[in-house]
K.L.:
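I have a structure I would like to understand better, so I am pasting it below and will then ask my questions one at a time.
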Amino acid sequence: MGLFDKKNCSICGAKIGLLGGHKLSDGNLCKDCAKKLSPWFSDYKSSTAQSIGAQLEDREENKKRLAAFKTTKCFGEYGSIVIDEDAGVFAAISDSAASLFGERKEITDIAQIIDRNPDVVRFDQVTDVDIDIVQTQREEKQTVNGQQVSYNPKHILYMYMFYAVIKLDHPYIPMMRIQLNNDAVQIPNEGERLSNKIGLRLAAYLLDLPIRDVRETERIYSNNSLKDVLLRNPYAMPDYSYGFKCSLRNWDGIQRYGYYLLMTREILETLRR
Ligand SMILES: [Zn+2]
């Protein structure tokens, strides 16, 4: 074999240029065939030509599953999880924007993403659903005599991204990680968050609450009505919520934090059925 021998696609036989396509464990895959694979698939190296062929067949079948799909619930503002509860299936995409700089749209029906052929997955293929909350923080300082100095107690801006992590027993998708919020939840806090005490305990408590009664569940199906439930709560502002020191300045952010926790719990309860 010479250095410049052309490779051929193990699926369609097309010639693959020197830098084109993907290497499989026992062959090669051209770009055009790769485009038809699942948006959640990336493990070319340990895949065989046979398993890729099976996936491509399944992806064709998937179009029929999508045609029969009836949306009953949707979650997420960045990525999206679209659910058909009656059929016990869901589909998900990691980014609701169609292109890199495309406009991000709120997904409310499977029809909006059907052209991407998102894999329809059965609830019984879900082995675990987890929430991943990514925290970043930055100290806000004040200027005194031209110097940047800390407040006492320190003012810390906490920022949060929420991800639903869905683990699967599926022929070619081991896991889906879906970013739920588009903009980071920002919570300006006086002092460190009491994350090891009240905060985490409350978050865990909220995620493990028993299923609400039917009337209540009815109202929190859509993202907007979830927000309503939180805003309708007439309780007075507590000293701490999720471990944040509550103030008028951060109450909105704290409610948004709770909103994404509730959203995750809804996803959890739905997919664990
Ligand atoms: Zn090919």
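The figures here come from the full heavy-atom set of this structure, side chains too, leaving out hydrogens, waters and symmetry mates. Whatever order the structure lists them in is the order used to number ligands and atoms, beginning at 1.
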K.L.:
Within the 3.5 Å criterion, strictly below it, is a donor on Tyr172 or Asp58 matched to an acceptor on the partner's side chain?
P.N.:
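Judged by distance alone, the side chains do pair up.
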K.L.:
Mark yes or no for whether Thr143, through its side chain, and Gln148, through its backbone, hold a donor-acceptor pair below 3.5 Å.
P.N.:
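The answer is no, because no donor-acceptor pair under 3.5 Å joins these two groups.
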K.L.:
Do Asp84 and Thr72 get their side chains close enough for a donor-acceptor pair, meaning under 3.5 Å?
P.N.:
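Side chains of Asp84 and Thr72: no pair found under 3.5 Å.
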K.L.:
Could you tell me if Gln186 and Tyr257 have a donor-acceptor pair between their side chains, going purely by distance under 3.5 Å?
P.N.:
no
K.L.:
Are Tyr160 and Phe244 close enough that their ring centres sit under 6.0 Å apart?
P.N.:
yes
K.L.:
So what's near the Zn ion (ligand 1), protein N, O or S atoms under 2.8 Å?
P.N.:
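Hits for the Zn ion (ligand 1) below 2.8 Å: Cys9 SG, Cys12 SG, Cys30 SG, Cys33 SG.
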K.L.:
Quick one: do the Ser25 and Lys45 side chains pair a donor with an acceptor below 3.5 Å?
P.N.:
no
